[in-house]
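Computed from heavy atoms alone, side chains included, the values below leave out hydrogens, waters and symmetry copies. As the structure is a prediction and not an experimental result, all values here were calculated from the model.
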Number of protein chains: 2
Amino acid sequence: MAVTIKDVAKLAGVSPSTVSRVLSGHPRISHKTASKVRDIMQELGYHPNIMAKSLVSKTTKSIGVILPKPAEELFLNTFFMELIRGIVTQANRSGYDIVISSGANEQEEVNAVQRLVYGGRVDGAILLYSRQNDPVVEFLYQENFPFVLVGRNEQYPDLLSVDTNNIQAAYDATRHLISFGHERIGFVSGPKNLMVSKDRLKGYHQAMKEAGLAVKSDWIVEDDFLQESGYRAMSFFMNLPERPTALVVIDDVVSFGVLRGLNELGFKVPSDLCIVSFNNNPLSELYSPPLSSVDIGIYHLGYVASQALIQAIQDEDKSLFSKRHIIPHRLIVRESSMHHLS
Amino acid sequence: MAVTIKDVAKLAGVSPSTVSRVLSGHPRISHKTASKVRDIMQELGYHPNIMAKSLVSKTTKSIGVILPKPAEELFLNTFFMELIRGIVTQANRSGYDIVISSGANEQEEVNAVQRLVYGGRVDGAILLYSRQNDPVVEFLYQENFPFVLVGRNEQYPDLLSVDTNNIQAAYDATRHLISFGHERIGFVSGPKNLMVSKDRLKGYHQAMKEAGLAVKSDWIVEDDFLQESGYRAMSFFMNLPERPTALVVIDDVVSFGVLRGLNELGFKVPSDLCIVSFNNNPLSELYSPPLSSVDIGIYHLGYVASQALIQAIQDEDKSLFSKRHIIPHRLIVRESSMHHLS
DNA sequence: CTGAAAGCGCTTACAG
DNA sequence: CTGAAAGCGCTTACAG
């Protein structure tokens, strides 16, 4: 049997109420009893029972996170791990724990979230990525349950969210290539139903249009974040009569596949084709050639997501639940895009 | 206010005890009342309060996982994410949630574990990797708290653990190179204080000794799992008067660095140097050249760790807490080691 | 087969 | 500044 508040009270010669009060730092407790009680707690090795506390306070000091599990996402492992690391670090600093659940498909994800929410296991939730018609968002929104979205949602544009300005980021990446003289620039995107794919594609289009450059539909590939997608795209791209001289790629991991494909086809990067991608995977600077990439501060995204959510939960200020936090990005230029066309 | 067991009881015209019993599938409840109660629960949208349940049952249906955070480990992101994925999947299937905590250093890690354990937040813990003199292991062991180790511990060899036979795995990798005619084989290891480094080094030595091959201390490098470590090692290795013709490398990510270093120095893999490494990172088959790697089934390690722990917790069979589960490994031969020396 | 009662470990008005 | 009492939502012997 663990030591309880009663044991401490008895030994300290006070009531349980008093012990509880020194525990919560109640102002109207004499210094003397407070320090005495604290001594006893120390002596007995007292630790408050979190479940009992939660039961009465209706608060768990826990945040739920749903892990996406579809096989396609496997390659985003480093992305999600980095995000979670940021979330966990900040949450722990604020005295919150992170509860992770997962589901093999959308329905299971909803079930997992329902268990956490209805069971009163968490005070809020963090969604690690944004897709169209997300039933989890729908559920959380209808329940009026506190949550933050990494990304953004089209149906509910005002949700509490932490995001990269992906339109701008893709615009920047494309501009970078244009400034090097490229006119035929392709885009290798990710799954169509992800907001990040749509936004980055949009930024690409904007930059192209602004520069008066044509975009051929052949130059755009939309596919999963699979290792193979970038790879497969290459034999198609490079056989085009008017093939691109540069590529914007949705994620560094897809670029790894692109590079492999090009290598097998006998093309050199950057001399035959320039590449810029996103997320600045730690391996990107190790590749040959090192990859130009837009660093979006993944850890920071997670850190801020947790921070914003906890703040919103604690302040009970409803306006905090419809705030968008934009984390700045930064294009890191490496060898893969260092080739002036002339 | 959420709907409670009382509300259900009142509407169903039974006592709270009865509702509780149908909830837990108590055998001696008439079919009639049971189904009636279930209907009401459905109608009212009743969901049991997990905290209340935990308080009385002294069980949380949660497992704690400590995230290692030292910067050196950053590159193992895919390893840990994969492990966690396996853990979460199996835990959810068994009706358990995963609570993640982290600490910036060993002391903070211990604090995090203490909070979880003393606060009664989790029923057991999973340690994601094994190092020497781990204070977390020490704490958990002294407290007699249920936990499982991914790896093994020298001080307590009989802990519940899930591991790869790393000695054998490294032996296999080395044998593979020897069978291709290599005689000067080097070893690029990881941090000295990790069991995995020690075990793999041992297996390498065994294979070399058994084949009657000499091992020069110059051929062995022990370093962090840094991107740079493999990279830096190369200029040293390749300038040795008797330089190795093949390398066993502790992790694929380190190999990525090795490959980059060799590339810059103008050496070709596998013709100038053969490489085999471990963990079969998803990117390994995408590299040029594709990397030979020992697949250790990371997801499966996590899955079994969770399974073994939960089983031990539920069975209360003390003997289950000193069992070692070995997950089979498999050498996947790719281009990086496909070069016969003759 | 079912109910009344006590209790899990804590918090918090209400008194004093 | 401190205590007695009620209650958070559930479970579980104990009776019947």
Quiz item: C/dG7 P sits how many Å from B/Lys58 NZ, rounded?
Solution: 13 Å
Exercise. Specify the separation, in whole Å, of atom CG of A/Leu23 and atom P of D/dT2.
Key: 15 Å
Quiz prompt | Value in whole Å for how far the P atom of D/dC10 lies from NE2 of B/His47 | solution = 12 Å
Quiz item: If you look at every heavy atom in A/Arg131 and A/Leu194, which pair is closest and at what distance?
Solution: CB-CD2, 3.7 Å
Exercise. Can you measure from OH (B/Tyr156) to CG (B/Leu140) and round to the nearest 0.5 angstrom?
Key: 11.0 Å
Quiz prompt | By side-chain contact (heavy atoms from CB on, under 4.5 Å) - contacts of B/Leu44 (at least two apart) | solution = B/Val3, B/Asp7, B/Val8, B/Leu11, B/Ile40
Quiz item: How close or far is atom P of C/dA5 from atom NZ of B/Lys6, stated in whole angstroms?
Solution: 13 Å
Quiz prompt | Sugar-phosphate only, base, or nothing, as touched by B/Thr33 at under 4.0 Å among non-hydrogen atoms | solution = sugar-phosphate
Quiz item: When all nucleic acid strands are considered with a 4.0 Å heavy-atom cut-off, which category describes A/Ser24: base, sugar-phosphate, or nothing?
Solution: nothing
Quiz item: Under 4.0 angstrom, heavy atoms only, what part of the nucleic acid is B/Ser57 near: base, sugar-phosphate, or nothing?
Solution: nothing
Quiz item: Crowded around B/Gln42 CD? As in, over 12 foreign heavy atoms under 6.0 Å?
Solution: no
Quiz item: From the list C/dC1, D/dA13, D/dG9, which nucleotide is the closest neighbour of the side chain of B/Arg21?
Solution: D/dA13
Quiz item: For the residue pair B/Phe139 and B/Tyr118, is the inter-centroid distance of their aromatic rings smaller than 6.0 Å?
Solution: yes
Quiz item: With nearest nucleotides of DNA chain D determined for A/Ser15 and B/Val19 from heavy-atom distances, which residue corresponds to the more 5′ nucleotide?
Solution: A/Ser15
Exercise. Could you tell me the separation between the CG atom of A/Asn49 and the P atom of C/dG7, rounded to a whole number of Å?
Key: 18 Å
Practice problem: Please tell me which of the listed nucleotides, C/dG9, D/dC10, C/dC8, lies nearest to the side chain of B/Lys53? | Solution: D/dC10
Quiz prompt | Nucleotide nearest B/Thr18 when distance is taken to its side chain, options C/dG3, D/dC10, C/dG9 | solution = C/dG3
Quiz item: What integer distance in Å separates A/Ile5:CD1 from D/dG3:P?
Solution: 13 Å
Quiz prompt | Proximal nucleotide (of C/dG7, C/dC1, C/dG3) relative to the B/Ser17 side chain | solution = C/dG3
Quiz prompt | Spacing between B/Lys10 atom NZ and D/dG9 atom P, to the nearest angstrom | solution = 13 Å
Self-check item: Euclidean distance, atom CG of residue B/Leu55 to atom C1' of C/dC8 [Å, nearest integer]
Solution: 4 Å
Quiz prompt | 5′-ward residue of the pair B/Pro16/B/Val56 relative to DNA chain C | solution = B/Pro16
Quiz item: Can you tell me how far OG of B/Ser102 sits from CD of B/Glu108, rounded to the nearest 0.5 angstrom?
Solution: 7.5 Å
Exercise. Using the test side-chain contact (heavy atoms from CB on, under 4.5 Å), find all partners of A/Ser101 that sit at least two apart in sequence or belong to another chain.
Key: A/Ile66, A/Ala112, A/Arg115, A/Leu116, B/Asn92, B/Asp97
Quiz item: Is A/Tyr46 near enough to C/dC10 that one of its side-chain N or O atoms lies under 4.0 angstrom from OP1 or OP2?
Solution: yes
Exercise. For DNA chain D, write out the stems as range with range, using runs of 3 or more consecutive Watson-Crick or G-U pairs with both distances under 3.5 Å.
Key: C:1-3 with D:14-16, C:5-12 with D:5-12, C:14-16 with D:1-3
Quiz item: Does OP1 or OP2 of D/dG9 have a side-chain N or O of B/Thr4 closer than 4.0 Å?
Solution: no
Quiz item: What closest approach, in Å, do B/Ser306 and B/Gln90 show between heavy atoms, and which atom pair accounts for it?
Solution: OG-CG, 2.9 Å
